[in-house]
Amino acid sequence: MSNNLAKSAFWLMVVTMLSKILGFTRDIVLMYFYGTSAYSDVYITAMNIPVVVFAAVGVALSTTFIPLYQEALENGGEKRAQNFANNILCIVSIISIILSIFGYIFAEPIVKLFAISFTGDKLALTVDFVRIIIVGVLFIGLSNIMTAYLQIQGNFTIPGMVQLPNNIIIIISMIIGAVTDNFDILAIGALIGMASQFLFQVPFAIKHGYKFKPIVNFKDKYLKKMIWLILPVLIGVAVNQVNAMADRSLASSLGDGVIAALNSANKLNFFVLGLFITTIGSVIYPTLAKLSTTNDQRKFAEAVSTSVNCVSLIILPITVGAIVLATPIVRILFERGAFDEKSTQMTAIALMCYSVGMIAYGLRDILSKVYYSLKDTKTPMINGIIAVIANIFFDVTLMQVFGLGGLALATSFSSIICILLLFRGLKKKISYYGQDRILRTFVKSLIASVVMGVATYFVYKFANGILGSGFIQEVIATGISVLVGAIVYGVLVSKFRVREVKMLKKMVMKKLNRA
């Protein structure tokens, strides 16, 4: 990894951590005022509708916009590339406005699709919420284009910060809404927060040379190429949204608070994934694309195996730790205000079950980027569809036995199936991608994680027994067990001589020597 890539990764990780911490604060504020109640279910369900409507398009835009902008820049110069960017911006705006109108008119059937068991006041409140925030799909689309443009210019930090103003605005709206007992304020705050993600990036895009000009040209050859490339990515990402929609829709039949509990547990998982996996994926994607173009098989395989091994080294111990310490983690982060002991138990069960598939969630993002760098967008799409079918099957089957835990387990199992299929397909596609290194590192990291988990469990029980009950005591006991677990894991992977650990040590020592 070059110094520039390492520097970009470092600052992206820093701003991502700040954004994730603020996002956690937002969830804690929501749980404090509303707990796992009907109001939380309404808020979470409504907020996910514009995300599902445009998240797939947003990811597809980001994935395909960058290489086509570069192609337009190389073949036609800066003016041609700017025209392409403005054409996409205007067309996305038109599509978003149409979707917003459609969403406003058909808000009630859309809500019923996302939450099949919502009725009466709960349904009416969710419909009103959706009609306020549905305009947000416009800002989600525009924000993704600005993010892609800034990344082309080598600016990864600002796109990583877009959630900061969004979360601040939403937190303020939650507090005002709770104090004034006006739930509509949360919807207004959510809409303003969505708009802030786009508006925050505009000045920096202009600073990097972006100039807006209204252009709508459906005959543009780069637009046609984008549509051709975007469809498989769009379908592949959309099926993930169908997964989430199916989970929440089925969860709505299990009673009030289940959606909120699943959401809180899911946010804990994706805090880790967003912090580490997004950083690795964002930095490694341009490198993989370049190596794929130059047909450097050896370096390409090394980049793939290094990326996968980094994910295993980071995620496996966190997975085991989340399973072992699920209850104290949830209690420390959320149990206050309307979030009671029952809420903690529900969320802890969901967290343990989601954590089973955490490694698969992380690897799926990395391997998808590997396929995209090889200009293969169909394989991730097909495997994504298979995963959705598996998820729905597991949802219906396991929910009957394990309740909300079954829904979380279904997501984990379907993700594991998806990642196994992606690995199998990659072997067929390029034969060797460093699978021997990947398997060795995975086994070593898994053994170290299990030993760490056992040590963490007994240290927590011992510390908790001595310190007794209470919030401060819980924090201290959990902190001690996490510290001991981290030391045990670090010592073991070092003794196992994992290559990526040595690489990380060299990078850290280099930074310290420079300081």
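Because the structure is a prediction, the values reported are computed rather than measured.
Paired with Leu30 under the rule side-chain contact (heavy atoms from CB on, under 4.5 Å), one option of Ile171, Ile44, Ile170 passes, and it is Ile44. Considering Ile314, Ile315, Val308 in turn, Ile315 is the only one that fulfils the side-chain contact (heavy atoms from CB on, under 4.5 Å) rule with Val311.
Rounding to the nearest 0.5 angstrom, the gap separating the OH atom in Tyr69 from the CD1 atom in Ile152 is 6.0 Å. Here CG of Leu68 is found 8.5 Å from OH of Tyr222. Values are rounded to the nearest 0.5 Å. Once rounded to the nearest 0.5 Å, the distance linking CD1 of Ile94 with CG of Leu89 reads 10.5 Å. Met194 CE to Leu142 CG: the interatomic distance, rounded to the nearest 0.5 Å, is 13.0 Å. To the nearest 0.5 Å, atoms CG (Leu409) and CE (Met352) are separated by 10.0 Å. With values rounded to the nearest 0.5 angstrom, Leu351 atom CG is found 11.5 Å from Thr344 atom OG1.
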Verdict with supporting geometry, Met161 and Phe200, side-chain contact (heavy atoms from CB on, under 4.5 Å) | CA-CA 9 Å; Met161 294 175 67; Phe200 178 76; 3.8 Å; yes
Before giving the answer on side-chain contact (heavy atoms from CB on, under 4.5 Å), spell out for Ser96 and Val92 the whole-Å C-alpha distance, their side-chain angles and the decisive distance to 0.1 Å.
-> CA-CA 6 Å; Ser96 299; Val92 168; 3.9 Å; yes
Test side-chain contact (heavy atoms from CB on, under 4.5 Å) on Met146 and Phe204 and set out the steps.
-> CA-CA 9 Å; Met146 286 294 102; Phe204 298 97; over 6 Å; no
Check step by step if side-chain contact (heavy atoms from CB on, under 4.5 Å) holds for Asn75 and Arg80.
-> CA-CA 8 Å; Asn75 296 336; Arg80 183 67 183 87; over 6 Å; no
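A donor-acceptor pair under 3.5 Å is absent between the side-chain atoms of Ser143 and the main chain of Ile140, judged by distance alone. Within the 3.5 Å criterion, the main-chain N or O of Leu422 finds a donor-acceptor partner in the side chain of Tyr371. Remark: the backbone N or O of Gln163 is paired with a side-chain donor or acceptor of Asn167 at under 3.5 angstrom. Under a 3.5 Å cut-off, the side chain of Gln82 and the backbone N or O of Gly209 do form a donor-acceptor pair. Not one N or O on the side chain of Gln197 forms a donor-acceptor pair closer than 3.5 Å with the backbone of Asn166.
Annotation: side chain of Met174 is in contact with side chain of Tyr43 (closest heavy-atom distance under 4.5 Å). Phe33 places a side-chain heavy atom less than 4.5 Å from the side chain of Ile175. At a threshold of 4.5 Å between non-hydrogen side-chain atoms, the residues Arg331 and Thr327 count as touching.
Side-chain atoms of Asp395 and Asn391 include a donor-acceptor pair closer than 3.5 Å. Side chain to side chain, Tyr361 and Ser412 meet the donor-acceptor criterion of an N or O pair below 3.5 Å.
Each side-chain hydrogen bond (donor to acceptor under 3.5 Å, both in side chains) pair with one or both residues in residues 209-219, not counting sequence neighbours, appears once here: Asn86-Tyr210.
For an aromatic pair to be called close, the ring centres must be under 6.0 Å apart, and Phe183 with Phe129 satisfies this. Checked against a 6.0 Å centroid threshold, the rings of Phe84 and Phe65 count as neighbours.
Between Ile133 and Ala190, the shortest heavy-atom contact is CG2-CB, 4.0 Å. The nearest pair of heavy atoms linking Ser93 to Leu138 is CA-CD1, 3.8 Å. Looking at every heavy atom in both residues, Val137 comes nearest to Ser100 through CG2-OG, 3.1 Å. Closest of all the heavy-atom pairs between Gly193 and Ile169 is N-CG2, 3.9 Å. When all heavy atoms of Ser173 and Leu186 are compared, the closest pair comes out as O-CD1, 3.7 Å. Minimum interatomic distance between Val127 and Ala107 (heavy atoms only, all atoms of both residues): CG1-CB, 3.9 Å.
Checked against salt bridge (Lys or Arg N to Asp or Glu O under 4.0 Å), Glu78 has no partners two or more places apart in sequence or in another chain. Scanning for salt bridge (Lys or Arg N to Asp or Glu O under 4.0 Å) contacts around Lys79 gives an empty result, with sequence neighbours left out.
The number of heavy atoms from other shown groups lying within 6.0 Å of CZ (Phe212) is above 12.
Between Asp365 and Lys369 a salt bridge is recorded (basic side-chain N to carboxylate O distance below 4.0 Å). Under 4.0 Å is where a charged nitrogen must lie from a carboxylate oxygen, and between Arg131 and Asp184 no such pair does.
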